[in-house]
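Only this structure's heavy atoms are used, side chains among them; waters, hydrogens and symmetry mates stay out.
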Amino acid sequence: MANVNQKFQTEILNDNDCKILSSKLAAINNQVRFSILKILRDYQKVNSSKSKTPLYSREINLLLTGFNINITPQMLGQHLKILVEAGILDEVFVKKEIPNKVGKRNVKAYVLKEDAFEDIFLEINFFADELLAFFDLYDINKRFNNRKCCTLTVFNGKDKGKTFKISKNECAFIGRKGETDLSHITSRKVILDNSYVTVSGISKPHLKVFYEDGEWYMLDECSSNGTYVGDSLVLPGVKTPLKNNSFLKLSNGRGGIIFYCSF
């Protein structure tokens, strides 16, 4: 288990926060769009004195090749539109010299919004060090993912930065710790801090994750506040396939937890 030694408070999510969180997580839950954010973050970090200098789509598309991503300008435009509509990017017009064209022309360009993630993980400001930690958590998850296990990385609250690896021969029970004797649970236990107050206790686990017939599955065993993938509530008591590179939310209310899941 890996742990980033930083202290964070669990955010308080009201209904509106949850809707914003779901739409923004859905927007970044895609390899191309996540790579676009990393490109713009790194560009603005290098050009910090000109933090509002945007990149236009042709420049972004060229930089995506460094991530082994090759898409058409039309497809890139669709990805950028999703990020703009989610409130993560600002779209502006800049004058650029276009190859094979005479003179400068107005073209659409893109820049990260300074408060893009402030309303998702309430403690994050887009140009603060904690935003960089957000991307670092993604990198941590990838480092610990050996393709032979399911890797869960905590993205918020007191356990932020902790990574749990679940082997294919294990059945993992996930819940927050309590004072109940856990000796009866013989399978793998993923025990979360008690500050995640709306996550069910490990004595009656919130979620079960296991590998069966060549697939990873999750099972919400009738938790108090539900399990979500984006806006979708996982049906309690129903074996549900896990999606690779997805965000799981245990509880949509106060003190919930967000996992990034990959395998």
Side-chain angles (χ1 to χ4, degrees), residues 1-3 8-15 17-19 21-22 25-26 29 120-122 137 140-141 144-145 149-212 215-263:
M1 180 177 72
N3 188 12
F8 301 86
Q9 292 183 343
T10 303
E11 67 271 29
I12 307 303
L13 299 179
N14 58 34
D15 289 342
D17 291 331
C18 292
K19 290 178 182 177
L21 185 150
S22 295
L25 286 185
N29 189 16
I120 292 188
F121 308 112
L122 305 178
L137 292 172
I140 285 171
N141 184 281
F144 280 82
N145 181 2
C149 61
C150 179
T151 306
L152 300 174
T153 301
V154 181
F155 263 62
N156 70 311
K158 192 167 183 180
D159 284 342
K160 186 172 184 175
K162 286 187 177 179
T163 292
F164 303 92
K165 293 173 66 174
I166 304 166
S167 299
K168 292 180 179 179
N169 61 354
E170 293 179 317
C171 177
F173 292 92
I174 303 173
R176 61 184 172 86
K177 62 186 175 184
E179 297 180 1
T180 306
D181 179 16
L182 304 177
S183 59
H184 66 289
I185 300 180
T186 57
S187 298
R188 172 72 187 278
K189 297 178 285 290
V190 175
I191 302 175
L192 308 170
D193 190 83
N194 273 329
S195 58
Y196 301 103
V197 293
T198 55
V199 175
S200 297
I202 192 66
S203 58
K204 187 180 179 183
H206 191 113
L207 191 70
K208 181 166 70 172
V209 174
F210 57 97
Y211 188 80
E212 184 178 283
E215 281 196 72
W216 285 100
Y217 291 94
M218 59 182 163
L219 178 65
D220 183 306
E221 298 191 313
C222 300
S223 64
S224 300
N225 293 290
T227 300
Y228 296 79
V229 179
D231 289 320
S232 302
L233 175 66
V234 175
L235 292 175
V238 177
K239 185 175 74 172
T240 305
L242 267 174
K243 184 179 179 182
N244 191 22
N245 299 317
S246 61
F247 287 93
L248 304 179
K249 291 183 290 179
L250 274 58
S251 173
N252 237 350
R254 180 188 298 252
I257 191 167
I258 299 168
F259 284 109
Y260 181 76
C261 168
S262 69
F263 46 84

Visitor: Could you check whether any side-chain N or O of Asp220 sits under 3.5 Å from a backbone N or O of Tyr228, counting only pairs where one atom can act as donor and the other as acceptor?
Guide: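 Between the backbone of Tyr228 and the side chain of Asp220 there is no qualifying donor-acceptor contact (under 3.5 Å).
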
Visitor: Taking the side chain as every heavy atom from C-beta outward, state whether Lys243 and Val229 have any atom pair closer than 4.5 Å.
Guide: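 Not in contact.
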
Visitor: What are the two closest non-hydrogen atoms of Pro241 and Glu215, and how far apart are they?
Guide: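 For Pro241 and Glu215, the tightest heavy-atom pair comes out as CB-OE1, 3.9 Å.
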
Visitor: Go through the structure and list residues passing side-chain contact (heavy atoms from CB on, under 4.5 Å) with Thr151, not counting sequence neighbours.
Guide: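 For Thr151 the side-chain contact (heavy atoms from CB on, under 4.5 Å) partners, ignoring immediate neighbours, are Asn141, Phe144, Asn145, Cys149, Thr153, Thr163, Lys165, Ser262.
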
Visitor: Take Leu207 and Phe259 through the side chain to side chain contact (heavy atoms under 4.5 Å, CB included) test and state the conclusion after the steps.
Guide: CA-CA 12 Å; Leu207 191 70; Phe259 284 109; over 6 Å; no

Visitor: For Gly256 and Tyr196, which heavy atoms make the closest approach, and how far apart are they?
Guide: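 Smallest interatomic distance, heavy atoms only, reads O-CD2, 3.4 Å.
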
Visitor: Knowing that exactly one of Leu152, Asn244, Ile166 qualifies, which makes a side chain to side chain contact (heavy atoms under 4.5 Å, CB included) with Cys261?
Guide: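 Between Cys261 and the candidates, side chain to side chain contact (heavy atoms under 4.5 Å, CB included) is satisfied uniquely by Leu152.
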
Visitor: Please round to the nearest 0.5 Å and tell me the distance separating atom CG of Leu219 and atom CD of Glu212.
Guide: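 Here the rounded value is 10.5 Å.
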
Visitor: Between CG of Asp159 and CD1 of Ile257, what distance do you get to the nearest 0.5 Å?
Guide: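 Result: 5.5 Å between the selected atoms.
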
Visitor: Which of these passes side chain to side chain contact (heavy atoms under 4.5 Å, CB included) with His206: Ile174, Thr227, Val190?
Guide: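 Testing each of Ile174, Thr227, Val190 against His206, the sole residue satisfying side chain to side chain contact (heavy atoms under 4.5 Å, CB included) is Thr227.
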
Visitor: Would you call the rings of Tyr260 and Phe155 parallel, tilted or perpendicular, where under 30° means parallel and over 60° means perpendicular?
Guide: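 Geometry flag for Phe155 against Tyr260: tilted rings.
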
Visitor: Could you check whether Lys208 makes a cation-pi contact with Phe210, meaning its NZ or CZ is under 6.0 Å from the centre of the six-membered ring and within 45° of the ring axis?
Guide: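 Here Lys208 passes the 6.0 Å and 45° test against Phe210.
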
Visitor: Indicate the atoms forming the closest heavy-atom contact of Ser251 with Thr198, along with that distance.
Guide: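 In terms of heavy atoms, the two residues are closest at OG-OG1, 2.6 Å.
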
Visitor: With side chain to side chain contact (heavy atoms under 4.5 Å, CB included) as the criterion, how do Leu250 and Ser223 come out once you've worked through the C-alpha distance, each side chain's angles and the decisive distance to 0.1 Å?
Guide: CA-CA 9 Å; Leu250 274 58; Ser223 64; over 6 Å; no

Visitor: Quick check for you: to the nearest 0.5 Å, what is the distance between Lys160 atom NZ and Asp193 atom CG?
Guide: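 It comes to 15.0 Å.
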
Visitor: If you take all heavy atoms of Lys168 and Trp216, which pair is closest and at what distance?
Guide: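 Heavy-atom minimum between the residues: CG-CZ2, 3.7 Å.
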
Visitor: List the steps, then state whether side chain to side chain contact (heavy atoms under 4.5 Å, CB included) holds for Asn225 with Val199.
Guide: CA-CA 7 Å; Asn225 293 290; Val199 175; over 6 Å; no

Visitor: Work out which heavy atom in Phe164 is nearest to a heavy atom in Arg188; give both atom names and the distance.
Guide: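 Closest heavy-atom pair between Phe164 and Arg188: CD2-NH2, 3.9 Å.
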
Visitor: Can you give me the closest heavy-atom contact between Met218 and Leu242, atom names plus distance?
Guide: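 Distance-wise, the nearest heavy atoms are SD-CD2, 3.7 Å.
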
Visitor: What's the separation between atom OG in Ser195 and atom NZ in Lys177, rounded to the nearest 0.5 Å?
Guide: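 Taking OG in Ser195 and NZ in Lys177, the distance rounds to 8.5 Å.
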
Visitor: CD1 of Ile202 to CG of Asn194: how many Å apart, nearest 0.5 Å?
Guide: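 The CD1 atom of Ile202 sits 11.0 Å away from the CG atom of Asn194.
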
